[in-house]
Every structure is written in structure tokens, then in C-alpha cells.
Amino acid sequence: MFRSKICLCLTGSTIAENLQYVNRYRNWIDMVELRADHLTPDERLHIRKFPELAGIPAILTIRRRIDGGKFIAGEGARTILFARGLAFADQDTRKNFAYIDLESDFYVPSIQDAARAFGTKVIRSIHNMQGPVIDLPEQVKKLSATGADIVKIAFMPRSLSDVTKLFVQARELEGKNMILIAMGNTGLPSRILASKLHSFCTYTSPAEIIENPAAPGQLDPITLCTTYNFRSVDDDTTDLFGITGYPLLHTNSPAIHNQGYHEKRMNAAYVPFAAKHVEESLEFANSLGLKGFSVTVPHKETILSSLGQISAETGDIGACNTVVKRDGSWYGYNTDATGISRALLEFLGVKNLKKIKVSIIGAGGAARATAHAVKELHGKACIFNRTVSRAKQIAELYNFKWTALDPSSEYLLEEY
């Protein structure tokens, strides 16, 4: 059973600031990465003392701007800084950097040899900020041939399909010491499911600086552990569920579902996977063996044609928000209408909506479900939408009124 470590990426401008983050998150992490390229020039002179002060395994990284970092002083200066970080090795290896991150094109034999002599493991890395790394297995093979202890490949995916390919290709590499990362919001599944990738670690950032451009797509360690149950996810036995939509930047579903799994002691994880096209969502779900997933905008209607079966209610509403795998096929449900019905009756303290008029604002999947619920509860409704034709389309299904969402419809809003 394989589980990835949690690494905290430190991009503070001083060693003291970074140590504050280490202490704040110590109980949630396994190791740290000191991004020396973010330190002020004076602070860089003191990086050698950092591992002992931190008291936790540390990676020394000095990232160039071309690779998403801030170091611009040239390779000569960077080589000297790497040497300073390794110098005066202590017999107690805990006082030395545990790892050093060297890019694939940075070949200074003396640095690599010194690292090995001091018990510091070498990470050889490729960073592509423009798109996916082509032929991942071949790239890992090339980097392994350099004598790297760990191979790291990080890239910025252009679509969810790029992330899916990462998981597929990673299966060919099981047993390799590697770190695999898809960056940005689209790449979030690779961070949460690092154990499924057999990635040595996943990178996190302090919540205080989570918007730092040096950490695109990173979560903070506490969110990773508490919202996504990261410590429970393994490479083999964890059941996967999730939610898809686009851009899917704000959703409470992972917190709700993962808390439920935790309370019921289920070995399961619920992961957001953002996709512009619903076909990519299904490709991801099939490739990773998801047992079910939630569907939100803009895919609630477009997913219908890709499902093997749908419930009668889903067909009536014309939108789907829940998909479950059954006998090798995807089965679609709509739970919005049931939820809306319960909420309305509880809020109003009634048994049905007879003699009650309801305003429905919008004409998307949720509006369709609301209209269905109101009709089932014997209520009357008027649908307001900027695009009147969409409001009319839904309203005619239930013999409701419809109108434009603008000041001229104020009287109807008051009536309903």
C-alpha cells in the first residue's frame, strides 16, 4: 500500500518567516521545500543552517524564472548557492538538507557528487509551464539515467484530458521514485490523489500565501488533510467519487462528502475535477475508476446524451446532477428536485404549495429542477430569465408563466 508524503513549499523572503510556517503546520506535514530563490539576497547566505532550525526533512530548491521561479542571477551564482547549502556537512544527517532539486539541464557533477557524499538525495526535475510533458515514461527513463534518486515532472495542463493521461501513464511507472504534478486548478486531482500516482510527495503552501503565483493550484496542508482526507487515500483500496463542472472554483461538495466518509469510516475520497467539456469528465471518471460523481454547471444538461440510463425524474427535468456507475454503465439521477421540495416545505411550514405562487429566477439545470418540484407540490410559478426563450422553454413544460428578468417585470416579481 503506497501513500504520498506532504511537503510544505516555503516561499517567504526570510528564513525566520519560513520557520514560522514550518512551526504552524508541523503537525500536518512530512517535509518542507525551501525555495531559496524567494529569499532576499542577504538571507540566501544563511540557507545552510535552515535544516537544523526547521527540524524536519528539507528540500533545497533554487528555481530559475524559466521554470516558474525567481532566481535571475545566472547559473554561476546559482551553483555557488547550491554549494553553500551543502557545505560543512554534519555527521548528523538531520542537520543537512535531505534533498536537493536540480533541473534536468543543470549538470554540475561536483554538486551532485557532494550531495551524495553528504547523504543528500538528488531530485532531477522538469517543469513545463506551457503544457504537458510529452511521453512521460520516456522522460522518466531519461532522468533516471542521470543518477537521480527521485525524478520530478511538473507541468501546466491545458485540459482535464492532460491530467487523465498523467494518471494513465503513471501506471507504467510503478516502482519508480518520482514526483508527478499537474499544476493549476485543472491539475488539482493530481495533488489530492498523489498516492494514486505513486508520487513520492505532494506539494502544499501555507494558507496565508496560497495565492502565491509560485504555487499554482496548491492547497494548504490542513485543507488537504481535513477537507480531502489525504492521509487516508492510498494507491489501491480507496474508492473514488467527485464533482465535475467548469470552472469549479468554489464548491462545498468535497467538504460535505469527505466529512461523511470520515464519519462513517469509509475508505473513500471525493475530488473536484474541472472540465470544459463533459466528455473529458467521463474520460477522467472511467480512467480512474470513479464509482460516481456530482455534476454542476455547465454540464447538467449536456451530460444526458452520454449516459447509459437516466431516472424518470431526470428525463422529466432534462438535467442531471448525480451519476453512478452500475454494471459498467453510467446511470444519471437528479436529486435537486427532491432537495428543493424538502427545503421549501420545511421553510414554509406547509405540506404542499397549493395557492402559493413562486418566482424562479434563472433557466438552467437548477431552475428546471425547481420548476419540476413546484409542479409536483401543486404550486404555481413564473420563470424570470434574461434570455426569455429559455424561460419560456421550461415554463411551457409545466404551464407556468415566463418573462424577462428586467425592471419591466417588477410587477410579476411582486405577484409571485
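Note that the numbering runs from 1 along the sequence shown for the chain.
Proximity of Leu10 to His38: side-chain heavy atoms (C-beta onward) are nowhere separated by under 4.5 Å. Looking only at side-chain heavy atoms (C-beta outward), Val122 and Ile150 stay at 4.5 Å or farther from each other. At least one side-chain heavy atom of Phe293 sits less than 4.5 Å from a side-chain heavy atom of Leu282. Residues Asn177 and Asp149 have side chains not in contact (no heavy-atom distance under 4.5 Å, counting atoms from C-beta outward). Side-chain atoms of Cys382 and Thr403, non-hydrogen and from C-beta on, do get closer than 4.5 Å to each other. Side-chain atoms of Phe200 and Met178, non-hydrogen and from C-beta on, never get closer than 4.5 Å to each other. Counting heavy atoms from C-beta outward, Asn334 and Thr322 have side chains that stay 4.5 Å or more apart. Contact of the Asp101 side chain with the Leu60 side chain is not registered, since no non-hydrogen atoms from C-beta on lie closer than 4.5 Å.
Heavy atoms of other residues, nucleotides or ligands lying less than 6.0 angstrom from CG of Asn252 number 12 at most. For CZ of Arg26, the number of neighbouring non-hydrogen atoms (other residues, nucleotides, ligands) closer than 6.0 Å is greater than 12. Annotation: Leu413, atom CG; neighbour count of heavy atoms from other residues, nucleotides and ligands within 6.0 Å is above 12. Heavy-atom contacts from other residues, nucleotides or ligands closer than 6.0 Å to CD1 of Ile72 number 12 or fewer. Atom OH of Tyr246 is surrounded by 12 or fewer heavy atoms from other residues, nucleotides or ligands within 6.0 Å. Atom CZ of Arg342 has 12 or fewer neighbouring heavy atoms from other residues, nucleotides or ligands inside a 6.0 Å radius.
Rounding to the nearest 0.5 angstrom, the gap separating the CZ atom in Phe106 from the CD atom in Gln112 is 10.0 Å. Atom NE2 of residue His257 and atom CE of residue Met266 lie 10.5 Å apart, to the nearest 0.5 angstrom. To the nearest 0.5 Å, atoms CD1 (Ile111) and CG (Leu86) are separated by 6.0 Å. One finds the OG atom of Ser104 at 5.5 Å from the CG atom of Leu143 (value rounded to the nearest 0.5 Å). Note: Ile360 CD1 to Leu405 CG = 13.0 Å, rounded to the nearest 0.5 Å.
Looking at Thr387, its side chain never comes within 3.5 Å of a backbone N or O of Arg390 through a donor-acceptor pair. With hydrogens and angles ignored, the 3.5 Å screen pairs a side-chain donor or acceptor of Glu43 with a backbone N or O of Ile15. Remark: side-chain polar atoms of Ser199 are not paired, donor with acceptor, to backbone N or O of Ala194 under 3.5 angstrom. At distances below 3.5 Å, not a single donor-acceptor pair connects side-chain atoms of Ser232 with backbone N or O atoms of Asn267. Of the possible donor and acceptor atoms, one in the side chain of Ser4 sits under 3.5 Å from a partner among the backbone N and O of Ser195. Looking at Asp67, its side chain never comes within 3.5 Å of a backbone N or O of Gly69 through a donor-acceptor pair. Not a single donor-acceptor pair under 3.5 Å links the side chain of Asp220 to the backbone N or O of Ser205. In this structure, the side chain of Ser409 engages the main chain of Ala404 through a donor-acceptor pair within 3.5 Å. Between the Lys325 side chain and the Trp330 main chain, no donor and acceptor come within less than 3.5 Å of each other. Looking at Thr202, its side chain never comes within 3.5 Å of a backbone N or O of Ile6 through a donor-acceptor pair.
Summarising the geometry of Ile56 relative to Met31, their closest heavy-atom pair is CD1-N, 3.8 Å, with the distance given to 0.1 Å. Nearest heavy-atom pair, Asn185 versus Pro247, reported as atom, atom and distance to 0.1 Å: ND2-O, 3.1 Å. The minimum heavy-atom distance between Asn258 and Thr227, with the atom names listed, is ND2-O, 2.8 Å. Listed here is the closest heavy atom pair of Leu307 and Ile310: CD1-CG2, 3.8 Å. Minimum heavy-atom separation, Ile394 to Ala363: CD1-O, 3.5 Å. A pairwise comparison of heavy atoms in Thr146 and Arg124 identifies OG1-CG, 3.4 Å as the closest pair.
Between Arg78 and Glu103 there is a salt bridge, since at least one side-chain N of the basic residue sits less than 4.0 Å from a carboxylate O of the acidic one. Between Arg231 and Asp30 there is a salt bridge, since a side-chain N of the basic residue sits under 4.0 Å from a carboxylate O of the acidic one. For Arg63 and Asp37, the salt-bridge test fails: no basic side-chain N is under 4.0 Å from an acidic carboxylate O. A salt bridge links Lys300 to Asp336: at least one charged side-chain nitrogen sits closer than 4.0 Å to a carboxylate oxygen. Classification of Glu75 and Arg64 as a salt-bridged pair holds, one side-chain N sitting under 4.0 Å from a carboxylate O.
In this structure, a donor-acceptor pair under 3.5 Å is present between the side chains of Thr335 and Asn321. A donor-acceptor contact under 3.5 angstrom links the side chains of Thr61 and Glu33, judged on distance only. Checking Lys392 against Asn385 by side-chain atom types alone, no donor-acceptor pair falls below 3.5 Å. At a cut-off of 3.5 Å, with distance as the only test, no side-chain donor of Asn18 or Arg35 sits close to an acceptor on the other residue. With hydrogens and angles left out, the side-chain atoms of Ser329 and Asp327 include no donor and acceptor closer than 3.5 Å. With 3.5 Å as the limit, one finds no donor-acceptor pair spanning the side chains of Glu415 and Tyr411.
Annotation: cation-pi pair Lys152/Tyr203 present, NZ/CZ under 6.0 Å from the ring centroid and within 45° of its normal. Cation-pi geometry between Lys357 and Tyr416 is met: under 6.0 angstrom from the ring centre, within 45 degrees of the axis.
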Result block: side-chain N/O donor-acceptor pairs under 3.5 angstrom for residues 270-280, not counting sequence neighbours:
residue: Tyr270; atom: OH; partner: Gly242; partner atom: O; Å: 3.4
residue: Tyr270; atom: OH; partner: Ser294; partner atom: OG; Å: 2.7
residue: Glu280; atom: OE1; partner: Leu160; partner atom: N; Å: 3.0
residue: Glu280; atom: OE1; partner: Ser161; partner atom: N; Å: 3.4

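Aromatic rings from Tyr333 and Tyr331 are positioned such that their centres are separated by under 6.0 Å.
For residues 336-378, no residue pair satisfies the ring-ring contact (aromatic ring centres under 6.0 Å, His included) rule, not counting sequence neighbours.
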Would Leu102 and Ile123 satisfy side chain to side chain contact (heavy atoms under 4.5 Å, CB included), going step by step from the backbone distance to the final call? CA-CA 6 Å; Leu102 306 174; Ile123 299 172; over 6 Å; no
Working for salt bridge (Lys or Arg N to Asp or Glu O under 4.0 Å), residues Glu301 and Arg368: CA-CA 10 Å; Glu301 298 166 43; Arg368 286 175 175 270; 3.8 Å; yes
Could you walk me through whether Ile47 and Leu81 satisfy the side chain to side chain contact (heavy atoms under 4.5 Å, CB included) test, starting with their C-alpha distance in whole Å, then the side-chain angles of each, then the deciding distance to 0.1 Å, before giving a yes or no? CA-CA 9 Å; Ile47 58 175; Leu81 192 54; 3.8 Å; yes
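A side-chain contact (heavy atoms from CB on, under 4.5 Å) with Trp28 holds for exactly one of Leu8, Thr223, Thr226; it is Thr226.
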